[in-house]
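Heads up: the structure comes next, in structure tokens.
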Amino acid sequence: MQTSHRKLLAKLVAMAVAMFMFAVFVLPPLYDLFCEITGIGGKTDGKYEAVDVRVDTSRQVEVQFVATNNAEMPWEFYPMEYSVVVHPGESRAVNFFAHNTTGEDMIAQAIPNVLPNNAADYFHKTACFCFDSQPLAAGDQAELGLVFIIDPDLPHSVNTVTLSYTLFDITDRSELSVSQIQ
Amino acid sequence: MLKKAQALFLRPLGAVLALVSAVSSHAESAASQLNMPQGVTEVSQAAYDIHMVMMWICTVIGVAVFGFMFYVMYAHRKSRGAVAENFHENLVVELLWTIVPAIILIVMAIPATTALLKVYDTENADIDIKVTGYQWKWQYEYLGEDVKFMSELRTPQDEIYGREPKGEHYLREVTEPLVLPAGKKVRFLITGNDVIHSWWVPDFGVKRDAVPGLFTSAWAKTDKPGTYVGECTELCGSGHAFMPVVVEVKEQAEYDQWLADKKAAAAEYASTIGKQWTFDELMVQGEEVYNRSCAGCHAVNGEGIPGVFPALKNSVIALGPVVEHLRVVVDGIPGTAMQSFADQLSEVDIAAVIHYERNAWGNDVGDITQPVDVLNYKQAK
Amino acid sequence: MAHGPATLADGWVKYASRWLFTTNHKDIGTLYLWFSFAMFILGGSFAMVIRAELFQPGMQLIKPEFFNQMTTMHGLVMVFGAIMPAFVGLANWLIPMMIGAPDMALPRMNNLSFWILPFAFAILVATLFMEGGGPNFGWTFYAPLSTTYAPDTVNYFIFGVHIMGASSIMGSINIIATVMNMRAPGMTYMKMPMFVWTWLITAFLLVAVMPVLAGAVTMMLMDINFGTSFFDAAGGGDPVLFQHIFWFFGHPEVYIIILPAFGVVSQIIPTFSRKPLFGYSSMVYATASIAFMSFIVWAHHMFTVGMPIAGELYFMYATMLIAVPTGVKVFNWITTMYKGSLTFETPMLFSIAFVILFTFGGFTGLMLSIAAADIQYHDTYFVVAHFHYVMVAGAVFSGTAAVYYWLPKWCGKMYDETMGKVQFWIAFIGFNITFMPQHFLGLAGMPRRYADYGLQFADWNMVSSIGAFMYGAAQILFLFNVVRTITHGKPVDKPEVWEGAEGLEWTVPTPAPYHTFEKPPQVK
């Protein structure tokens, strides 16, 4: 093969390898950063580190909770309170009831969603059962906790925030057994 | 040549005239064969209004442009002696027909924007309804009221497959419609249970996708009691055309009564679950449930579709131990199209359909499955 | 080959080898055109099954599961097997001749680009006969219907899409390399025929978005077979992500389909007006604007998915704006005809019908872009009507016009003008009877991809089905016309087949010799 061809080939191969490395090592962190900045799709941030947040007592926001099971997920799953009223900035805890009604150990994952979409950036969870997968042995039940704060900068057009969880069965996907997680 | 131009002109004109007649015919209630309904909410009216505005603007532009073109085809034909000129550019004209349409579009954008703002105004609702799309039915839950039920197509398979004449409400009838009060703002929280569906009620101007794993929202408020029919509008598998939406809007007092009745019925059901049904009662109930909820895949004669949906006639499960049969129906078979029916059928219906499957088509197992057996199975697991 | 290409007289082995191993742009163009027509008939038969079932309410002929396979395969075969290869075939035949080049820049890759297509479609069509049936999730294959809930044959579908995408990408690279490097001396970019311009721009679109489709389909493959969760909320993914990725490909794709069709019409109308194309530079800039804007409007296919209002408004405005350059092109075609000397041979009839009916489809497209109204149009037959107007009365009519226009140059025989006109009228009338009522069906509330429907939709469905059978018959007549021309057409021996035709392809003998422009011409 001609030298010039060989050089071109080497450059092209190197470029292909570089593109792969970029896709595997640089893109995922970039993607996470992008989602964090834009909060697209009603997806809330991960765990919120509460800084000294002032409580806005002049305003009240109704927070509703909705729970739903996906596909064959047979657990009983519902919020203990359908809705609460909070001041923006006020930290509040609520619980969800989960009951594994089957004869087998199972692991679930709750996926949160906030409506309206523009409220997602202002809904902060300081502790949530949705951060981790939730194991329940056969027949067991549990009260799963959520602690949240509504950011005082929530747009004034929003008076009702609805947080919904979809519960998925991830027993088969998880490499750990129920007892290992517990 | 003249005939060609006339023919090319008359066809679009005919279509336009048909549309004109549809427009000039009143009708917000009579289902039009030609035009979008005005519907019964502010949003449906806004959609209709902007649709008509756009349609008329496009019609006027179309008539002008095509009219000019037909004139050119008539007047500048070679057979009429036309000799071609040679001009091929003109900056002024190019600028004009770039800027003028852009201005028309900007003008159109204003009502288009205000209409869309209405669609998104889900704040301050009086009632929240959770709508879940299943393959192939809807589930409605009245949030905060503890009322929840499935709504599935009531048209029998026999009508669909031409074995019975089609009823008046063919594919527009469900087991339990969504009932709403007139005059109250209703917010819909919509999700999917399995694949993406889409909940559409044309008369409300509401269409939102039902996506598994997330929720979308929409709203409607109407003062007009009545029955409003909608459809699933996202391909969701073989039953896509067979999961209509039916909404009944009642006056407030009637709605309150209905809601109270629903709650009472749920309480009463819980207390009657211990009733012992007879063999024949279960067969009758089971056949009805089967034809409604199972025959779509497993076929009315229990033979299913080979390679796709298993036969129940002579099947290992239907002829085998009841507990296995219960497991399949109550828990479903993960990774297949056989869903869990625990949430979708009452204990009575599950017992009846299992009973029917075990005793129909010559299976003749001869046993009886009572609703309380189903309840016990579910609680014992 | 010193003695010309192998014919049947040389024995079938030599003849088959010619077609299998050819690197000649004319042969490859021919292969693409015949393949695309076969796919058009195949996709058309799927449509006949659909319209036969929808002739009356109820399920009479097939089951809903199979109906979903028919709608899916109809879309896939038509978009990827018929329309795109047809215009690639035209590109292969015409671009080298139009720019005065002896062949395409990469003739062997050209051969590969074609031959992987029949392979890919054989696999795709074979899935219909496999257990579980073929793809049944629509040509837009949204997850999770196409991932978790797909039949086993979905992996073959993914494979077919990858191969077909590779074919398009290679073809586009070839076109770009050819047009950029092999124009005859004196042919600057702004002297190229519009057909070449539209294909150059289309080729860039293809290279940009086909990899996105490959990405979407690979992510599907990962989700289905390797436990990833790109489109699965349980694992932190999102079904809506699929839609964004798909439509980022899907919207430029429809412009990929239509831009070459625009190019064809821009060649034909000036010929039969005996007048140069009006506003050549505007046409180039308008085409480039359309192509650029096609990248930034994709979510208008997703107006009901629950996007935040800011996003929805943006996509509405951006989509509305595409009407401006498109309108410029329509006005330019009409002004080309204005004060020309018009005759109405078959290619001109199809081209005029294109201008009218494509514009009509453009109007319904503008209506669809209004998000608040789209609430009522989305996923209904109104959308089906819209895209059939722009893709059939648009791209297919343009392709048909191209065949009638250039067939004499390709094979040296003239088609029968009366038969051509008859075919036109049957196609035109049949098309409108099929698709005009579908607007009404959509507005009245009939969703798309429905195997069955309520009684209130029965009348228009019956009318539409009748039109469909008529339109299908017109395609058989088209095949007859083409074959009859090749075998029994009146010989044409002058280079300039049509009075008023301009362009280098009309300076070579008729039929075009196997090798043309072995020495580049000088262009003034």
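Order of the sequence lines sets the chain letters (A, B, ...), proteins ahead of strands, with each chain counted from 1.
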Validation row: C:N332, B:W97 side chains within 4.5 angstrom (heavy atoms):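 Yes, at least one pair of side-chain atoms sits under 4.5 Å.
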Side chain proximity check, B:Y120 to C:P308, heavy atoms < 4.5 angstrom: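 Side-chain contact under 4.5 Å: no.
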Can any side-chain N or O of C:Q60 pair as donor or acceptor with the backbone N or O of B:Y161 at less than 3.5 Å?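 Checked: no pair found.
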Is the backbone of B:G237 close enough, under 3.5 Å, to the side chain of C:N68 for a donor and an acceptor to pair up by distance?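 Checking the backbone N and O of B:G237 against the side chain of C:N68, a donor-acceptor pair under 3.5 Å is found.
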If I measure from the heavy atoms of chain C, does [X] come under 4.5 Å with its side chain, its backbone, both, or neither?
X	answer
B:L116	both
B:W200	side chain
B:F309	side chain
B:V206	backbone
B:A46	neither
B:L117	both
B:T216	side chain
B:L235	both
B:A337	neither
B:V83	backbone
B:D194	both
B:Q135	side chain
B:C236	backbone

Is [X] close to chain B through its backbone or its side chain, or both, or neither, when contacts mean heavy atoms under 4.5 Å?
X	answer
C:H439	neither
C:P57	both
C:Y317	side chain
C:A143	backbone
C:A233	side chain
C:D374	backbone
C:Q376	both
C:L277	backbone
C:T147	neither
C:F66	neither
C:Q69	neither
C:Y149	side chain
C:M320	both

Would B:E234 and C:T304 count as a side chain to side chain contact (heavy atoms under 4.5 Å, CB included) here? Give the steps. CA-CA 10 Å; B:E234 188 59 59; C:T304 60; 5.8 Å; no
Would you name the heavy atoms of B:K207 and C:Y377 that are closest together and state the gap between them?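 Closest heavy-atom pair between B:K207 and C:Y377: NZ-C, 3.9 Å.
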To check you understand the geometry: which heavy-atom pair defines the closest contact between C:V355 and B:F66, and what is its length?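 Scanning both residues, the minimum pair turns out to be O-CE2, 4.2 Å.
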B:E85 bridged to C:R274 by N-O distance under 4.0 Å: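 So B:E85 does not pair with C:R274 through a salt bridge.
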C:K275 to B:F87 six-membered ring, cation-pi geometry met (6.0 Å, 45°):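 Output yes; distance and angle both within limits.
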Please report the interatomic distance CZ(B:F242) to CG(C:D452), rounded to the nearest 0.5 Å.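 Reported to 0.5 Å precision, the distance equals 4.5 Å.
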Residue pair B:E231 / C:Y450, side-chain donor-acceptor N/O under 3.5 Å: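 Yes, because at least one side-chain N or O of B:E231 sits under 3.5 Å from a partner of the opposite role on C:Y450.
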C:Y453 ring center within less than 6.0 Å of B:Y170 ring center: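 No, they do not, as the ring centres are separated by 6.0 Å or more.
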Hey, do the aromatic rings of B:H76 and C:Y338 have their centres closer than 6.0 Å?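 Ring centres of C:Y338 and B:H76 closer than 6.0 Å.
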Can you tell me which of B:V308, B:T113, B:V119 forms the most heavy-atom pairs within a distance under 4.5 Å of chain C?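 Going by pairs under 4.5 Å, I would pick B:T113.
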Looking at B:P212, B:G162, B:G230, B:P101, which has the largest count of heavy-atom pairs under 4.5 Å with chain C?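 Ranked by contacts with chain C, first place is B:P212.
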